[in-house]
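Input: a single structure, listed below in structure tokens.
Residue numbers start from 1 in every chain, and the chains themselves are labelled A, B, ... in the order their sequence lines are given, proteins ahead of strands.
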Number of protein chains: 2
Amino acid sequence: MSTVPTIHDVARAAGVSIKTVSNVLNDNPKVGPDTRARILRLIDELGYRPNLSARGLRSGKTSMIALAVPSLRENYFAELADSVIRAAARRGLRVVIEQTNGDRELEIEALSGGQLRFVDGLLFSPAQLGQKDVDLLATRGPVVLLGERIFGGPTDHVTMHNSSSSCAAVEHLLSIGRTRIALIGAPVETEDNASSASLREQGYLRALEAAGIASDDRLIVREGHWGRETGAAAIRSLRRDGIEFDAVFALNDTLALGALRALGEAGLRIPDDVAVIGFDNIDEGRFSLPSLTTVDPGRLEIAETAVDLLVERIQEKGDRMPARTVKAGFSIVARESTGFHNADDSD
Amino acid sequence: MSTVPTIHDVARAAGVSIKTVSNVLNDNPKVGPDTRARILRLIDELGYRPNLSARGLRSGKTSMIALAVPSLRENYFAELADSVIRAAARRGLRVVIEQTNGDRELEIEALSGGQLRFVDGLLFSPAQLGQKDVDLLATRGPVVLLGERIFGGPTDHVTMHNSSSSCAAVEHLLSIGRTRIALIGAPVETEDNASSASLREQGYLRALEAAGIASDDRLIVREGHWGRETGAAAIRSLRRDGIEFDAVFALNDTLALGALRALGEAGLRIPDDVAVIGFDNIDEGRFSLPSLTTVDPGRLEIAETAVDLLVERIQEKGDRMPARTVKAGFSIVARESTGFHNADDSD
DNA sequence: CTATCTAGGTACAACGATGTACCACGCACA
DNA sequence: TGTGCGTGGTACATCGTTGTACCTAGATAG
């Protein structure tokens with residue numbers, strides 16, 4: 001349990017100044033090859049590692065970024081966090097996770113609070129803040145916004161093709177002959193019309209219209225929380241009301257999995273009686289019974305892009321380039337819940 | 001985008017020395033009430049926040065801990081991370097997540113590498129390191145070990161009642177009249193006999209023995225990876241070999257969910273034909289079809305305890321107390337897969 | 001009236017790294 | 001032989017805090 005070696009210890013051992021050691025650490029060319037080799041060897045022998053607090057203090061950079069998401073218990077966010085951590089690790093960054101728990105105050109705190117004081121940047125995925133809170137994004141540090149709740153803000157923004165991928169999802173159902181397509185998880189009246197829910201609903205309506213099918217409000221179940229319970233409840237409510245349907249488009253996979261459960265309980269066969277498609281492509285859908293057809297919104301690409309944009313902002317000198325918006329590519333992953341089997345499902 | 005205020009700015013505005021401001025920040029009593037109030041007001045007005053790098057450099061503490069787990073894509077670890085982040089937040093700590101991806105080198109790196117240089121402590125849940133790597137735990141910084149792969153190490157250790165809770169799981173199956181109980185996810189021959197898998201198998205065997213039922217090796221499926229695929233494959237293999245069974249004890253929930261899927265595919269009714277119990281109590285099991293009976297190993301308690309122990313170690317002065325081991329309490333959560341309904345399932 | 005104490009401060013060093021400025025040396029060249 | 005320049009370094013200030021030591025004015029005690 002001896003004391004931790006500092007750059008001074010290395011310098012003393014090597015008989016050079018601390019600055020020379022620092023130059024070695026930072027690949028500064030002003031060091032002769034033999035001096036460099038000797039110092040590297042000593043660093044290794046002594047087990048020296050630079051103190052990141054000191055480095056952070058001096059350089060103003062901590063090599064850490066924060067990721068603020070509602071909760072890791074939501075699979076989508078756990079998987080997003082996984083992707084972000086990997087993407088960050090490849091760039092030498094570590095990730096602090098901040099859970100906002102769907103709490104507006106915590107989201108505001110994540111933006112304005114301590115976080116940005118000790119990380120180099122923030123990836124922020126709001127669940128409560130909406131379009132009218134756009135000004136809160138004008139923070140002191142670099143922020144990249146994720147998701148669909150706020151558009152046109154002052155920060156870079158990585159989002160997905162909510163509307164067109166939803167349209168494609170519905171087209172997928174139409175292509176297998178379904179016409180009475182229930183929509184579950186649709187936005188409630190009060191919601192922003194640029195929310196994920198609204199955009200996805202617009203895609204749904206567009207696909208129906210393009211196919212010449214009149215939309216039926218009774219098929220649209222509007223509910224707030226995108227959880228499994230909601231998905232199950234939506235199916236039960238449709239059946240209780242005697243609404244006929246031969247397919248379900250759930251606005252996320254968790255809803256879809258809840259729907260699968262309720263459909264199964266009701267003795268309906270999937271996809272024979274009801275086909276189901278979800279949205280997000282979470283791992284769980286690969287192994288549900290039946291496996292879940294879904295929209296892959298490009299989570300990997302979202303994570304990579306978001307970290308890239310953030311890194312650019314962190315490195316940015318004086319002249320700020322304008323805010324950018326990137327939409328990840330999407331695809332439909334066809335599985336059993338719409339009658340497909342053994343889709344090649346490598347990640 | 002003006003420059004970030006420092007303690008000097010606050011001091012200047014208040015007409016006091018920086019130390020006085022520092023004293024206010026640290027609740028040092030040597031400040032008069034009116035001076036304190038004035039400084040607090042100015043801190044608020046200027047939007048001053050202490051620079052954590054500087055504080056970390058000076059105090060040697062960063063108020064951050066690391067959590068090293070295999071992957072957030074495994075639900076158990078995502079939920080554990082959620083609990084740890086909450087527990088840490090309550091104690092004013094932030095959590096950096098390190099994914100080791102089941103990679104031995106990354107696990108070693110997490111222990112010996114940079115992490116412990118810039119966090120105050122590490123919660124470490126190994127998936128590759130085993131009993132013979134116990135010496136690697138003797139790191140420079142505070143570490144709390146999670147899980148069952150290593151015992152008797154130099155660090156505090158939070159674990160679960162693997163063996164007795166498994167025994168209870170099997171007793172649960174026995175209590176509903178099952179006697180041909182398949183065990184899936186059992187350890188392979190080469191494994192440590194203190195791994196989770198081995199301990200849980202021991203519980204299984206003990207319960208059978210206590211009930212006077214001879215164990216049958218053919219009912220024990222030994223497989224390495226605890227994934228859904230493995231669970232499904234185990235069921236298929238049992239059926240292919242014509243082994244009769246009326247219950248399944250899966251050594252984790254993910255295996256159990258895979259098993260549910262394969263049982264469903266095979267047209268077997270759950271729990272009528274086969275009852276299933278898992279282990280971990282992940283969220284997903286509440287909403288599977290049927291919902292999954294499982295062992296709750298006390299994840300919340302594990303997270304709270306682990307953070308508590310770590311905090312104690314971080315605060316510890318010279319005299320180190322000996323390593324402690326804490327086992328969390330467990331319970332059986334009975335759900336549909338063993339014939340129970342609507343268990344009270346609040347978290 | 002002087003000595004002592006306490007509350008409420010102040011000044012300065014230190015934490016461990018990096019940036020700036022500068023220096024010594026050897027070599028090439030006019 | 002003096003000048004210029006590149007190479008490989010050094011010394012010192014600095015980042016924003018907190019700890020240590022010290023100071024001062026007023027109250028209190030003798």
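- Taking only side-chain nitrogens and oxygens, B/Asn26 comes nearer than 4.0 Å to OP1 or OP2 of D/dT18.
- Here B/Ser59 lies out of heavy-atom contact (under 4.0 Å) with every strand.
- For B/Lys19 against D/dG19, a side-chain-to-base donor-acceptor contact under 3.5 Å is present.
- Counting distance only, with no hydrogens placed and no angle test, the side-chain atoms of B/Arg55 and the base atoms of D/dT17 include no donor-acceptor pair under 3.5 Å.
- Comparing B/Ala54 and B/Thr20 along DNA chain C, the residue whose closest nucleotide (by nearest heavy atom) sits nearer the 5' end is B/Thr20.
- Shortest non-hydrogen contact noted between A/Ala68 and A/Thr100 is CB-CG2, 4.3 Å.
- Computed from coordinates, the A/Ile7 CD1 to C/dA17 P distance equals 5 Å when rounded to whole Å.
- Judged by closest nucleotide on DNA chain C, A/Thr6 is the one of A/Lys30 and A/Thr6 placed further toward the 5' end.
- Of all heavy-atom pairs spanning A/Leu111 and A/Leu136, the tightest one is CD1-O, 3.8 Å.
- Taking atom CZ of residue B/Arg36 and atom C1' of nucleotide C/dA7, one finds them 13 Å apart after rounding to whole Å.
- In plain terms, the two heavy atoms of B/Thr155 and B/Val143 that are nearest each other are CB-O, 3.4 Å.
- In this structure, A/Thr35 reaches the sugar-phosphate backbone alone: every heavy-atom distance under 4.0 Å involves primed, P, OP1 or OP2 atoms, never a base.
- For D/dT18, its base sits under 3.5 Å from the side chain of B/Arg58 at one donor and acceptor pair at least.
- Between B/Ser22 and D/dT18 there is a side-chain N or O to OP1 or OP2 distance below 4.0 Å.
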